[in-house]
Each structure stands twice: as C-alpha cells, then as structure tokens.
Amino acid sequence: MRLATWNVNSLRARMGWVEEWLRTREPDVLLMQETKLPDEDFPVAEFAALGYESAHHGNGRWNGVAIVSRVGIDDVRPGFHDDEGPPEECRLLSANCGGIRVFSVYVPNGRTVESEHYVAKLDWLSRLQTELAETCAPLADIALCGDFNVAPADSDVWDITQFAGMTHVTAAERAAVGELLDWGLVDALRVLHPDGPGPFSWWDYRAGAFHKGWGMRIDLALVSRSLAGRLTEVAIDREARKVFGPNKPSDHAPVVVDLDFEPV
DNA sequence: ATGGTAGAGCATCTA
C-alpha cells in the first residue's frame, strides 16, 4: 500500500499537476492540505476518472483538507469528533482507507512566537492529541499525515542558526508533536532515514530558496507502531517541487510512504 | 534598498 501526503497550496491552481502526479506515482491514498476550496467546488469527478473516491472538508478561500483513495473510503469524519457546529477553519479530515485510519492534518501556522496564532497552534496540536486518544487505539493501524508546521529536530531545517526565536522549531511545538509520538506514533521518514540534515518537504517561494537548499521538513507521516514495522520506503518527492512546463509547483513536496500492507 | 513569491481575489490577507 502506498500513502502520500501533499500540501498542494490551492487545488484549483494545482489540479493539472496533481492529476499528472497521481498517474505517475500511483498512490493508493493521497491526503491533501490547503485545497483552498469550499466542498461544493471539490473536483470529485476528475478524481473519480482516475479511479479515486474523495472526501473533502473545506469552507472557503483558505485551509481545506482532502482524502482521495482507490482502496475505499469509509467512516469519513470532518474536523474533531467533539466539534460543536461547523468549524471556522477546516484543518482535519479522517477516514478508513483500505484498513488504515488515515488523518489529513493541516496544523495552523503560528506566524510568530509572540502572536495569538502561536498560542492557537499549540492549542490545536493539543486538541489533535486528544482526538487521537479519544477516537483511536494505539495498537490500531493509523496514519496521521500532513503539514504540521513543525520541524521535529534541528536536522529538519537547512540552518538552525537562522531560526533563533522563530516558530516551527520551538521546544513547545516539538513537545506537542512529541506527545503524539509518546501516545504510539512514529515519524515514518526517520525510521528508514534516521540521519539528517534533510530531506526537506517545504521551501519558501521567495529568494530562490529551493535552489539554495533552504528547506524544512514540516510535512510528516506519523504512523502507528504496527505500520512502522511494515515500512518499505519513505521518501520526499522533491522533483515535484520543480517547475514542469505549464505546471507550477506547490511550495511543498509530497511525502510518499510505502508499506508492506495489503489493503482490505 | 529590511529586499523576495504564490494564491486567494481586488485591498489586503495568508503562508
């Protein structure tokens, strides 16, 4: 089974490239973030034409998360299980796909450590931990994947000295991700590629950051231990961050997870 | 000269 996660930075702008990428890389399940679409505009028919069933959770111009699957998609849950009414921002979507409980995750950007948005980011991560604890068992087959806006270790940024006093690398943010790991998840990429620096999953559009290697690994695939033992490859597709003719890249590259796991 | 880009959408906001 092949799972992938990709912050597409507008599905409207990226759909042609996403379709081409699906045809080439053939994931069984693709989790997307930042679709920037309301539900009614999600291209269900286009994904169906490629053999994928869809679920989407979005309400407007920003955020928006999706799951497309060619191994079934059941028990779809938009947002947190204890949400009261529709959320202001759509950043979480979970479903059962081929026997794995998958979560498409888009953690809020903290902007600056002094900002109210930073506090909200930590609160949201805490709520994600609660969601996991209250809706899943640690021994189940779980994949919690997406844009966490946290670089888990210094080796996950191109130059840690450039990040003094910045979000994405603070002890509190890393501790919040650490709680997900303590509960029973594993950072899949580091199982097979324990040594950094890199690979990175995000590069700023500005200042030629991609070509200078100024990246960060903030897109994570966190899998339960049962799946961690079945990993055959985990890779970040940095080729997808390059420009391909008419296709303009997202600022994020997809993370691709291969498992010795038969979809059920 | 405190710089740069992309996407939403039409003035800025988000990242």
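Protein chains get the first letters and strands the later ones, always in sequence-line order, with residue 1 at the start of each. These numbers were taken from a predicted model, which means no experiment stands behind them.
- Distance, A:Tyr118 OH to B:dT14 P: 20 Å, rounded to whole Å.
- Between the P atom of B:dA15 and the CE atom of A:Met216 lies a distance of 15 Å, rounded to the nearest Å.
- Between A:Arg12 and A:Pro108, the one whose closest nucleotide on DNA chain B sits nearer the 5' end is A:Arg12.
- Test A:Val29, A:Val257, A:Val71, A:Asp258 against A:Arg2 for side chain to side chain contact (heavy atoms under 4.5 Å, CB included) and you get one pass: A:Asp258.
- One interatomic measurement links the two molecules: CG of A:Leu37 to C1' of B:dT14, which rounds to 16 Å at whole-angstrom precision.
- Between A:Phe261 and A:Gly98 the shortest heavy-atom distance is CE2-O, 3.4 Å.
- Note: A:Phe210 and A:Trp203 have perpendicular aromatic rings, judged against thresholds of 30 and 60 degrees for the angle between ring planes.
- A salt bridge does not link A:Lys212 to A:Asp204: none of the charged nitrogens lies less than 4.0 Å from a carboxylate oxygen.
- On the P atoms, B:dG9 is 14 Å away from B:dT14, given to the nearest whole Å.
- Nucleotide B:dC13 holds its P atom 10 Å from the CZ atom of A:Arg111, rounded to whole Å.
- No engagement by A:Phe210 is indicated, since no non-hydrogen atom pair under 4.0 Å with the nucleic acid exists.
- Heavy-atom contacts from other residues, nucleotides or ligands closer than 6.0 Å to CD of A:Glu262 number 12 or fewer.
- As a whole-Å value, the separation of A:Asn59 CG from B:dA8 C1' is 14 Å.
- Comparing the same atom, C1', in B:dG4 and in B:dA15 gives a spacing of 14 Å after rounding to whole Å.
- Between A:Arg61 and B:dC13 there is no side-chain polar atom (N or O) within less than 4.0 angstrom of OP1 or OP2.
- At least one side-chain nitrogen or oxygen of A:Arg91 sits closer than 4.0 Å to the OP1 or OP2 atom of B:dA15.
- In this structure, A:Tyr106 has its ring center at least 6.0 angstrom away from the ring center of A:Trp124.
- Relative orientation of the A:Phe163 and A:Trp158 rings is perpendicular, given thresholds of 30° and 60° on the angle between their planes.
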Enumerate the protein-to-nucleotides 4-7 of chain B contacts in which both atoms are nitrogen or oxygen and the separation is below 3.5 Å.
unit_1, atom_1, unit_2, atom_2, d
B:dG7, OP1, A:Arg14, NH1, 3.1
B:dG7, OP1, A:Arg14, NH2, 3.3
B:dG7, OP2, A:Lys248, NZ, 3.3
B:dG7, O3', A:Ser10, OG, 3.2

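- Nearer to the 5' terminus of DNA chain B, by closest-nucleotide assignment, is the contact made by A:Leu11 (compared with the other of A:His117 and A:Leu11).
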